[in-house]
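Okay, structure first, notes after.
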Protein chains: 2
Amino acid sequence: MNDSGGNAERKRPRRPSQERTSQRDPERTRAAILEAATREFAENGMGGARVDAIAERAGTNKRMLYHYFGDKEQLYLKVLEEAYVGIRTAERALHIGDHSPEEGIGELALFTWRYFLQHPEFLSLLGTENLHRARWLRQSIRLKELHSHLIGELSEVLEQGKKQGVFIETADPLQVYLTIASLGYFYLSNQYTLSTIFGRDLIEPAHLNAWERHIVHVTLASIKR
Amino acid sequence: MNDSGGNAERKRPRRPSQERTSQRDPERTRAAILEAATREFAENGMGGARVDAIAERAGTNKRMLYHYFGDKEQLYLKVLEEAYVGIRTAERALHIGDHSPEEGIGELALFTWRYFLQHPEFLSLLGTENLHRARWLRQSIRLKELHSHLIGELSEVLEQGKKQGVFIETADPLQVYLTIASLGYFYLSNQYTLSTIFGRDLIEPAHLNAWERHIVHVTLASIKR
DNA sequence: CAAGCCGGTAACTAAACAGTTACTTGATGG
DNA sequence: CCATCAAGTAACTGTTTAGTTACCGGCTTG
């Protein structure tokens, strides 16, 4: 408890300032708070998340959190925005138009499923935000156009498939994306209640692989002529 | 504030006891608390729900809530259990085996979608429970066998369809149900973020009807030979 | 008819919480 | 070398919260 006595580590030897091992590092502190907040909000929701817990997880204190992010709500919005930027950025690297229409849709389905699988915190944040009827997301300005790229590219692939006669004429880009997202989101985000009530462990690798194949199968079956 | 003076309503005239307009009505108070709790938990989640708010919504006070349900967590579990009993009971009245296999699956898809649409609080409670990894549902004993009936009946319909050669041999009852539930759940529970980021109001009747048809189409397309 | 129980009220308590304030430490530049 | 400012700490504050206690009043039953 009492280490106010001559502790050698208290006053650290001077370091050349270009080194970043210093305790004073605004960038790192900011990033640590953001990452800690992502986990805390994902695990406990907006109502359950604790500001003290975030500060402790980040290895800092509340003062810094309020200094960098204003208040709990602004921090939460930042976390949500970054989560969306994450998936949309990864999506852009796909270039689904480079393959045949069928392969392109399959690629998008696989990518979405695997991204959801590897980023449970993203699903959780979506759930929290929807519980509150997109109260905070609605306030975000910079996010509006982030998503149009996805629909645009998907639309092109569908059009090409229709021209080639492999897709039905009624296939709609938003409906196709919602179908893919539905099948991945529900399976993963509701795995706990589903595993409990149906007595089957959905997160088991064999079941995960089966569902991955199922998503691709269902998506293509719904738009193929 | 001060109504300790001679308020005529304070001491009410005696009523015959068979009448149920009395202020003393354990059944009604219990039911009112349960309904108020359902709304409060659905709107705010476990972490955001307030015990005071539930008591106020029920037109009673906290003392009664703790008297009838023990504590906040037990009340929440009761709410969740009742929600599951609600959908499974309604499902049993369907008798999907009475139609042709194709019609039976279509009926189940329609029923599920419409039930989700009419019971947003059920979807919300599922979301909350999954955020907490089914922490409370796991403790519920009476719920284990409630769901087996659904899978059993669905399994029979699929088998019949396979015999008749209209369904593919790989069709699995749990996968079919998860497909139906996924498409309904995601669309409705995530409508707020989706409407925001894609700029299309998903709750509009025309879009709802289109998605209803889409669910039936996708479900059947995924299992038809 | 009185004793006691059950449905009900309201004020209280201890802990937890978001947000603030007063202060310390260290780097930088004149 | 000292003035200044940014990074960081820790203790504090007012409010909210789940849960409790002390009490009220009317119905039932011996």
Side-chain angles (χ1 to χ4, degrees), chain A residues 1-4 7 9-33 36-37 40-41 44-77, chain B residues 1-4 6-34 36-37 40-41 44-77 136:
Chain A
M1 286 295 168
N2 179 12
D3 63 337
S4 57
N7 188 324
E9 282 194 319
R10 277 301 285 286
K11 287 203 172 177
R12 304 163 67 258
R14 302 236 173 101
R15 268 172 204 284
S17 64
Q18 78 270 16
E19 244 193 63
R20 273 306 175 95
T21 25
S22 162
Q23 286 181 339
R24 302 197 135 212
D25 189 336
E27 280 304 309
R28 186 166 58 186
T29 301
R30 220 189 108 96
I33 292 172
E40 177 73 10
F41 283 123
N44 302 299
M46 180 64 178
R50 299 289 163 248
V51 173
D52 294 85
I54 294 170
E56 202 190 322
R57 287 180 116 149
T60 178
N61 56 69
K62 280 194 289 186
R63 180 65 179 75
M64 290 296 96
L65 191 154
Y66 284 98
H67 180 247
Y68 288 121
F69 296 97
D71 62 9
K72 188 184 178 183
E73 300 198 9
Q74 285 174 266
L75 174 59
Y76 168 77
L77 178 56
Chain B
M1 288 293 168
N2 178 12
D3 64 339
S4 58
N7 188 322
E9 282 194 319
R10 277 299 289 283
K11 289 200 170 178
R12 306 163 67 258
R14 302 237 173 100
R15 269 174 204 282
S17 66
Q18 77 270 16
E19 244 192 65
R20 273 304 176 93
T21 24
S22 164
Q23 287 181 337
R24 303 196 136 211
D25 189 336
E27 280 305 307
R28 187 167 57 188
T29 301
R30 220 189 108 95
I33 292 172
L34 204 57
E40 177 72 10
F41 283 123
N44 302 299
M46 180 65 179
R50 297 290 162 247
V51 173
D52 294 84
I54 294 170
E56 203 189 323
R57 286 179 117 148
T60 179
N61 55 69
K62 281 193 290 186
R63 178 66 177 71
M64 291 295 95
L65 190 154
Y66 285 99
H67 180 246
Y68 288 121
F69 296 97
D71 62 10
K72 188 184 179 183
E73 300 198 10
Q74 285 175 266
L75 173 59
Y76 167 78
L77 178 56
W136 290 282

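In this text the structure is predicted, and so the values were computed from the model without any measurement. Chain letters run A, B, ... following the sequence lines, proteins first, then strands; residues in each count from 1.
Side-chain to base pairing of B:K62 with D:dA18: one donor and one acceptor N or O lie within less than 3.5 Å of each other.
Near DNA chain C, defined here as any heavy-atom distance below 4.0 Å, the residues from residues 53-61 of chain B are B:T60, B:N61, listed numerically. The stretch residues 66-77 of chain A comes close to DNA chain C through A:Y66, A:D71, A:K72, each having a heavy atom under 4.0 Å from the strand.
Applying the ring pair (Phe, Tyr, Trp, His ring centres under 6.0 Å) test to residues at least two apart or on different chains, none of the pairs has a partner in residues 51-72 of chain A. Residue pairs that meet the salt bridge (Lys or Arg N to Asp or Glu O under 4.0 Å) test with at least one member in residues 49-59 of chain B, sequence neighbours left out, are B:E40-B:R57, B:E43-B:R57, B:D52-B:K62. Among residues at least two apart or in separate chains, salt bridge (Lys or Arg N to Asp or Glu O under 4.0 Å) pairs with a member in residues 66-75 of chain A are A:E73-A:R135.
The CG atom of A:N61 sits 8.0 Å away from atom CD1 of A:I33, with the distance rounded to the nearest 0.5 Å. Rounding to the nearest 0.5 Å gives a distance of 12.0 Å between CD1 of B:I54 and OG1 of B:T60. Here the CD-CG distance, from A:Q74 to A:L65, works out to 11.0 Å after rounding to the nearest 0.5 Å.
If you take CE of A:M46 and C1' of C:dC17, they are 13 Å apart, rounded to a whole angstrom. D:dA10 atom P lies 12 Å from atom CE of A:M64, rounded to whole Å. Atom CZ in A:R28 sits about 13 Å away from atom C1' in D:dG8, given to the nearest Å. Remark: C1' of C:dC17 and CD of A:E40 are 13 Å apart, rounded to the nearest angstrom. As a whole-Å value, the separation of B:F41 CZ from D:dA18 C1' is 11 Å. To the nearest angstrom, P of D:dG8 lies 13 Å from CZ of A:R30. Taking atom CG of residue B:N44 and atom P of nucleotide D:dT17, one finds them 10 Å apart after rounding to whole Å.
At a threshold of 4.5 Å between non-hydrogen side-chain atoms, the residues B:V51 and B:L75 do not count as touching.
Distances from the side chain of A:R63 to the nucleotides C:dG7, D:dA18, D:dT9 place D:dT9 closest. Checking D:dA7, D:dT17, C:dA18 against every side-chain atom of B:R50, the shortest atom distance belongs to D:dT17. Nearest to the side chain of B:D52, among D:dA18, D:dA7, C:dA18, sits D:dA18.
By the ring pair (Phe, Tyr, Trp, His ring centres under 6.0 Å) test, A:F41 pairs with A:Y76, sequence neighbours left out.
In terms of heavy atoms, B:A58 sits closest to B:A32 at CB-O, 3.6 Å.
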